[in-house]
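Just the heavy atoms: all of them, side chains too, but no hydrogens, waters or symmetry mates, feed the values below. Numbers here are sequence positions counted from 1.
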Amino acid sequence: MDYFFNFEKIAYLKDKKPEGCIICRLLGGDPHTTDTIVYRCDDAAASLNLYPYNPGHCLIFPASHVGDIRDLTEKERRSLDTVLDKVLGALDALYKPSGYNIGYNMGIEAGASIEHLHLHVIPRYPHELGVAELLGGKRVLVEDLSTSKERLLEALN
């Protein structure tokens with residue numbers, strides 16, 4: 001059986017990381033953190049995933065540092081839903097995906113490499129598996145992160 005390895009993500013997971021939560025640093029405008037935020041409101045924000053599965057792969061997260069969805073206030077939940085709706089509308093308009101994977105990973109064992117609660121929004125397309133994936137074992141992204149950010153910033157703001 002062949003497996004997909006994203007060696008850049010492996011390096012990210014193994015490398016020494018700065019102190020504190022990456023999402024809290026991102027929200028705080030830390031100059032040592034790549035700014036991937038495409039939308040923000042008082043209680044929530046959306047950013048591009050630094051290691052996307054597909055162009056437009058976003059993370060939506062509360063402004064407060066919580067690790068469990070049950071710790072959110074009702075206002076924070078409504079904000080996350082509002083941001084999700086906005087992101088889906090922008091992704092529909094920009095990328096026209098045929099579907100989405102949307103979900104939380106809560107806890108390291110569930111695949112959460114970031115302890116700050118975040119919702120993945122991954123645009124999906126028919127026939128995603130291509131020749132490069134079959135022969136080279138690599139995913140091909142048709143758009144770089146900076147272009148995705150520029151497009152989503154314009155669509156969401």
Side-chain angles (χ1 to χ4, degrees), residues 1-30 32-92 94-95 97-126 128-129 133 137-145 148-149 152-153 156:
M1 173 178 280
D2 291 326
Y3 294 94
F4 168 71
F5 293 100
N6 181 334
F7 294 105
E8 292 80 17
K9 175 112 187 213
I10 291 171
Y12 164 78
L13 291 171
K14 289 185 175 183
D15 281 352
K16 185 177 183 322
K17 296 186 189 38
E19 291 294 316
C21 169
I22 184 76
I23 291 178
C24 290
R25 288 196 321 269
L26 179 62
L27 286 166
D30 178 357
H32 304 294
T33 302
T34 303
D35 182 7
T36 53
I37 291 181
V38 294
Y39 181 81
R40 78 168 64 208
C41 61
D42 289 342
D43 296 310
S47 76
L48 288 165
N49 188 328
L50 200 52
Y51 299 99
Y53 293 116
N54 276 332
H57 178 171
C58 288
L59 303 177
I60 298 172
F61 40 84
S64 63
H65 182 90
V66 298
D68 190 310
I69 193 170
R70 295 165 289 192
D71 295 333
L72 295 171
T73 67
E74 284 302 314
K75 185 176 181 217
E76 288 171 323
R77 283 181 183 244
R78 284 192 306 273
S79 291
L80 289 174
D81 284 343
T82 298
V83 174
L84 175 59
D85 287 349
K86 286 184 76 70
V87 166
L88 289 172
L91 292 172
D92 282 347
L94 292 173
Y95 296 101
S98 56
Y100 292 96
N101 289 119
I102 300 172
Y104 292 100
N105 296 339
M106 288 189 341
I108 299 299
E109 289 76 16
S113 59
I114 300 172
E115 292 182 19
H116 194 123
L117 183 70
H118 58 283
L119 177 67
H120 286 265
V121 180
I122 306 169
R124 301 311 300 252
Y125 305 91
E128 285 183 18
L129 191 63
E133 288 114 11
K138 292 278 189 180
R139 296 284 309 240
V140 176
L141 292 177
V142 296
E143 185 173 81
D144 66 86
L145 195 64
S148 296
K149 181 180 177 187
L152 279 168
L153 275 170
L156 287 165

Run the numbers on His57 and Leu48 for side chain to side chain contact (heavy atoms under 4.5 Å, CB included), then give the verdict. CA-CA 6 Å; His57 178 171; Leu48 288 165; over 6 Å; no
Heavy-atom pair of closest approach, residues [X] and [Y]:
X: Leu27; Y: Ala45; answer: CD2-CB, 3.8 Å
X: Leu152; Y: Cys58; answer: CD1-SG, 3.8 Å
X: Ala90; Y: Leu156; answer: CB-CD2, 3.8 Å
X: Pro123; Y: Pro97; answer: CB-CB, 3.8 Å

Listing, residues 78-89 side-chain donor-acceptor contacts under 3.5 Å, not counting sequence neighbours, or none:
| unit_1 | atom_1 | unit_2 | atom_2 | d |
| --- | --- | --- | --- | --- |
| Ser79 | OG | Lys75 | O | 3.2 |
| Thr82 | OG1 | Arg78 | O | 2.9 |

Any ring pair (Phe, Tyr, Trp, His ring centres under 6.0 Å) pairs touching residues 66-85, not counting sequence neighbours? none
Going through the checks in order, is the side chain to side chain contact (heavy atoms under 4.5 Å, CB included) test met by Leu91 and Tyr100? CA-CA 10 Å; Leu91 292 172; Tyr100 292 96; 3.3 Å; yes
Measuring from Tyr104:OH to Leu119:CG, what's the distance to the nearest 0.5 Å? 4.5 Å
Spacing of NE2 belonging to His120 relative to CD1 belonging to Ile60, to within rounding of 0.5 Å: 11.0 Å
May I have the step-by-step check of side chain to side chain contact (heavy atoms under 4.5 Å, CB included) for Tyr95 and Ser148, ending in yes or no? CA-CA 10 Å; Tyr95 296 101; Ser148 296; 3.3 Å; yes
Thr34: which residues meet the side chain to side chain donor-acceptor pair (under 3.5 Å) condition with it, sequence neighbours left out? none
Who are the side chain to side chain donor-acceptor pair (under 3.5 Å) partners of Asn101, not counting sequence neighbours? Arg124
Would you please name every residue forming a side-chain contact (heavy atoms from CB on, under 4.5 Å) with Leu26, sequence neighbours left out? Thr33, Asp35, Thr36, Ile37, Ser47, Phe61
Could you tabulate the donor-acceptor pairs under 3.5 Å formed by side-chain atoms of residues 62-70, not counting sequence neighbours?
| unit_1 | atom_1 | unit_2 | atom_2 | d |
| --- | --- | --- | --- | --- |
| Ser64 | OG | Glu76 | OE2 | 2.4 |
| His65 | ND1 | His116 | ND1 | 3.2 |
| Asp68 | OD1 | Arg70 | N | 2.8 |
| Asp68 | OD1 | Arg70 | NE | 2.8 |
| Asp68 | OD2 | Arg70 | NE | 3.3 |
| Asp68 | OD2 | Arg70 | NH2 | 2.5 |

Salt bridge (Lys or Arg N to Asp or Glu O under 4.0 Å) filter on Asp92, not counting sequence neighbours, yields none
Listing request: all salt bridge (charged side-chain N to carboxylate O under 4.0 Å, His left out) pairs with a residue in residues 102-121, at least two apart in sequence or in separate chains. none
For residues 44-58, pull every pair meeting salt bridge (charged side-chain N to carboxylate O under 4.0 Å, His left out), keeping only residues two or more places apart or in separate chains. none
In sequence, state the C-alpha distance, the side-chain angles, and the governing distance for Leu117 and Met106, and then conclude on side chain to side chain contact (heavy atoms under 4.5 Å, CB included). CA-CA 7 Å; Leu117 183 70; Met106 288 189 341; 3.8 Å; yes
